[in-house]
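Please read the structure below before turning to the comments.
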Amino acid sequence: MSAVSSRLPVFPWDRLEPYKATAASHPDGIVDLSVGTPVDPVPAVIQQALAAAADSPGYPTVWGTAALRDALTGWVERRLGARGLGHTNVLPVVGSKELVAWLPTQLGLGAGDKVAYPRLAYPTYEVGARLAGAEPVVYDEPTELDPAGLKLLWLNSPSNPTGRVLSPEELRRAVAWAREHGVLVVSDECYLELGWEAEPVSVLHPDICGGSYEGVIAVHSLSKRSNLAGYRSAFLAGDAAVLGELLQIRKHGGMMIPAPVQAATVAALADTAHVTEQRARYAARRAALRTAFEGAGFRIEHSEASLYLWATRDEPCWDTVGELSKRGILVAPGDFYGAAGERFVRIAFTATDERVEAAVRRLAE
């Protein structure tokens, strides 16, 4: 029996551990700006919904409750501008990373098939292709890809790691090209609520998809917008035929969101006040860190959205990581996201206000 892990790259975060140890030895403690995990409290309205549904002794369903599906379709129409969605156009998933990693396998892809994703990208796109035995392919411009054997095209706007936002014209062009060649478009939009200098648009907006969801799926998560990374709540919206097939597969696999988390998701999607409050926290941290890093000689590129600053001092990324770790600041090396990031670092602004202030002080020294 061959080890499936042999198909996969080295888990990138393991390589950061020595630098984390160095940063943690700082007299005033580590400022961890690497992973981008939420640190602020789960909003009370969501905690209350979770607690109220805590007496859930029975199995939840993979498709979720009718209330959850109503919440998903309602939010997609209100927030993304989509039109005419029914329950068959949505599917809850157990966090977006699980979905990204296993989607090619669940679509039945394998040897001879290709999965394309941006040259600078979330590493799990590649992992998903390799788990399925498909060929991972990177692109700078999706419409310049060779469509032969291409089955799945990942879009990511706002981008992780760069924070770049694709324009409506870029999205329209990609969707039209993919439809022409029979390629499924899956758009990772998990940072869509976090546009700073640009307003991200979903592929489900009628201006992009033409009012038809054929061949188009959007991925959304509550991890960032609602501080629910620990709840593992995400969902898909779009092509009913594709989502129906995934539903059948996921039923067999028992891939279901716990019932209390389903109830919490309904509450989270119904409330906008906590999203506005969290955006304000992130905006303040972003401004403070951007000013501090630019003052320390960094150049920020893109970063018009998402939870990260994409920064460089025009040196190898690991040199930057090493120097910052000596100041007790931990950032992610750009080559985690592809060779094109080898002279950049990704700086998350998900630390507490107190830790952000500590980083600002250290960068000024």
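Not measured: the values here are computed from a predicted model.
Scanning all heavy atoms of the two residues, the minimum distance from Arg7 to Arg130 falls at O-CD, 3.0 Å.
Looking only at atom types and distance, the side chain of Ser187 has a donor-acceptor partner in the side chain of Glu189 under 3.5 Å away. No hydrogens or angles considered: a donor-acceptor pair under 3.5 Å links the side chains of Ser226 and His274. Of the N and O atoms on the side chains of Glu315 and Thr320, at least one donor lies less than 3.5 Å from an acceptor on the other residue.
Between Tyr125 and Tyr122, the ring planes are perpendicular. Angles over 60° get that label, and only those under 30° would be called parallel.
Contact check for His302 versus Pro158: no side-chain heavy atoms found under the 4.5 Å cut-off. The shortest distance between side-chain heavy atoms of Leu155 and Glu170 does not fall below 4.5 Å.
Taking 4.0 Å as the cut-off between side-chain N and carboxylate O, Arg362 and Glu365 do not count as a salt-bridged pair. The pair Asp319-Arg343 does not meet the salt-bridge criterion, since no charged nitrogen lies less than 4.0 angstrom from a carboxylate oxygen.
Between Trp318 and Tyr19, the distance from one ring center to the other falls under 6.0 angstrom. Two rings, from Tyr337 and Phe344, have their centers 6.0 Å or more apart.
Side-chain N or O atoms of Ser303 include one that pairs as donor or acceptor with a backbone N or O of Trp310 at under 3.5 Å.
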Inset, instruction - Step by step, work out the salt bridge (charged side-chain N to carboxylate O under 4.0 Å, His left out) result for Asp32 and Arg355. - result: CA-CA 8 Å; Asp32 193 341; Arg355 289 288 84 188; over 6 Å; no

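By the 6.0 Å and 45° rule, Arg346 stacks over the aromatic ring of Tyr308.
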